[in-house]
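Worksheet: the structure to be examined is printed underneath.
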Amino acid sequence: MQTRRSFIKKSTAVLPVICFSNQVLAGAVSDGGSFPVVISTWNHGLPANQAAWEVLVKGGSSLDAVEAGVRVPEADPEVITVGYGGIPDADGKVTLDACIMDEKGRAGSVTFLEHIKHPISVARLVMEKTPHVMLSGDGALKFALENGFKKENLLTPKMKAAWKKWKKEKRTFSTKINIENQLLENHDTIGMLAIDKEGRLSGACTTSGMGYKLHGRVGDSPIIGAGLFVDGEVGGAVATGSGELVMKTLGSFLVVEMMRNGKSPSEACEEAVKRIAKKIPDYKNHQVGFLALNLKGEYGSFCIQPGFNYAVKNGSTEKLIDAEAWFKTL
Ligand code: SD4
């Protein structure tokens, strides 16, 4: 079985291959400064960015770009933390959380949604077709079906077998990530931010949430201000990791407010991690990563534990970057 340490080692080992010819960078310095640009969390951000980029280079809107981008991992059964093929909850059900927000402050969200492969597109419809921000559970499903989405089984045979094994081993759910082997089960939400040719910034966030969570649990990812926040006059931020910590500190909103007060994207992300460290006693047992983009197209990140990375694509570069962490070693 893969340990947390070996997972980090392995993922670091493959980075140069999937980074094409680009170097993997480390550091809390904000980078970039041009647009269009798209950034997103984790390795699966690379193909997601590519899909978003195809929209951006044609002059499409950042809203269309982030939706198209995060639909890639949502549809990919190999990405076991987002959409179709996601790790189920403790009852063996795949329940999804997603939200989307644009530079005008419009926002849409779905939580605890079952059977729909692309929750991000339902979240966008909530934003565009209803007077509400968030729909949940059966109501969100009803809304999706009424709007032409197809009901699908999202539990792949691979994840069903993993859940059965989990049940048999009578393991209890833990949000702690310093337990060996837990990392793969708790992380890898995709959060994406993009600026289009006209300088409009949008964001999207979508996840199957923590693996083996209690049935009904909703994380930070669909909560505007927690998993995602965009302010068209300032910038945007997304979060990944232990959602409970992000919700308690309204992390993405905090990052954007820090940027409003003059911090660079990376400094703002660092401040949000520091807030968690100050307010949440057992933060050492968790991973949280923040990713931010300002209106100039500068981006940055910061996380609690080493191991969080993000993907960037703009006119001059396409790469994965290791985020700087509060703790320097695992
Ligand atoms: C959650 N924040 O449901 C999500 C999980 C996650 O990277 O980000 N994983 O708490």
Side-chain angles (χ1 to χ4, degrees), residues 4 7-8 11 39-45 48 70 73-74 76 79-83 85-90 93-99 109-114 119-120 123 134 136-137 154 159 173-179 182-193 203-229 237-255 269 272-273 276 280 282-283 285-291 301-311 323 325:
R4 177 167 182 256
F7 167 68
I8 298 290
S11 53
I39 60 174
S40 57
T41 54
W42 305 106
N43 294 3
H44 52 232
V70 303
E74 280 186 341
D76 185 349
V79 179
I80 61 170
T81 45
V82 182
I87 309 171
D89 66 13
K93 315 250 193 235
V94 179
T95 73
L96 305 176
D97 294 338
C99 73
S109 161
V110 287
T111 75
F112 190 45
L113 175 62
E114 290 182 68
I120 197 65
M134 183 182 282
S136 182
L154 304 181
M159 282 302 115
F173 171 78
S174 172
T175 61
K176 294 181 177 180
I177 57 97
N178 71 341
I179 300 167
Q182 286 277 328
L183 192 64
L184 276 175
E185 294 170 2
N186 285 344
H187 291 280
D188 290 13
T189 288
I190 187 154
M192 176 179 278
L193 299 161
C205 188
T206 175
T207 189
S208 51
M210 288 187 167
Y212 313 122
K213 61 195 175 186
L214 286 178
H215 186 63
R217 181 261 187 193
V218 170
D220 61 315
S221 305
I223 311 288
I224 298 297
L228 165 72
F229 195 69
V238 289
T240 179
S242 295
E244 280 71 9
L245 280 64
V246 179
M247 285 189 271
K248 286 174 188 168
T249 52
L250 212 54
S252 292
F253 179 73
L254 181 59
V255 171
C269 292
V273 166
I276 287 175
I280 300 182
D282 74 332
Y283 75 97
N285 295 321
H286 295 267
Q287 172 68 303
V288 169
F290 291 106
L291 183 56
S301 72
F302 206 80
C303 55
I304 301 177
Q305 318 280 346
F308 168 51
N309 61 5
Y310 63 100

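Quantities reported herein were computed from a predicted structural model and do not represent experimental measurements. The analysis underlying the following values was restricted to heavy atoms, covering all of them including side chains, and did not include hydrogens, waters or symmetry mates. Whatever order the structure lists them in is the order used to number ligands and atoms, beginning at 1.
- Listed by number with element, the atoms of ligand 1 under 4.0 Å from a non-hydrogen atom of Thr240 are 6 (C), 7 (O), 8 (O), 9 (N).
- To the nearest 0.5 angstrom, Phe112 atom CZ is 7.0 Å from Asp89 atom CG.
- By the 4.5 Å heavy-atom criterion applied to side chains, His215 and Thr95 are counted as neighbours.
- Using modelled atom types, one side-chain atom of Gln287 and one backbone atom of Ile304 make a donor-acceptor pair closer than 3.5 Å.
- Heavy-atom contacts of Gly209 reach the following atoms of ligand 1: 3 (O) (cutoff under 4.0 Å).
- Where the criterion is an N or O separation shorter than 3.5 Å, residue side chain and backbone included, Gly243 meets it with respect to ligand 1.
- Screening Cys99, Cys205, Pro119 for a side chain to side chain contact (heavy atoms under 4.5 Å, CB included) involving Ser221 leaves a single residue, Cys205.
- Interface of Ser221 with ligand 1, defined as ligand atoms under 4.0 Å from a residue heavy atom, comprises 2 (N), 4 (C).
- Within the listing of ligand 1, atoms 7 (O), 9 (N) sit less than 4.0 angstrom from a heavy atom of Asp188.
- Ligand 1 has at least one atom lying under 4.0 Å from a heavy atom of Asp220.
- Between Gly219 and ligand 1, no N or O atom pair is found at a separation short of 3.5 Å.
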Legend entry - Full working for side-chain hydrogen bond (donor to acceptor under 3.5 Å, both in side chains) between Thr111 and Ser136: CA-CA 5 Å; Thr111 75; Ser136 182; 2.8 Å; yes
Legend entry - Criterion salt bridge (Lys or Arg N to Asp or Glu O under 4.0 Å) on Lys213 and Glu244, from CA distance to verdict: CA-CA 12 Å; Lys213 61 195 175 186; Glu244 280 71 9; over 6 Å; no
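- The two residues Val94 and Glu114 make their nearest non-hydrogen contact at O-CG, 3.5 Å.
- Under a 4.0 Å heavy-atom criterion, Gln287 is not in contact with ligand 1.
- Heavy atoms of Thr189 found under 4.0 angstrom from ligand 1 belong to the backbone as well as the side chain.
- Contacts with ligand 1 closer than 4.0 Å are made by side-chain heavy atoms of Arg217 only, the backbone lying farther away.
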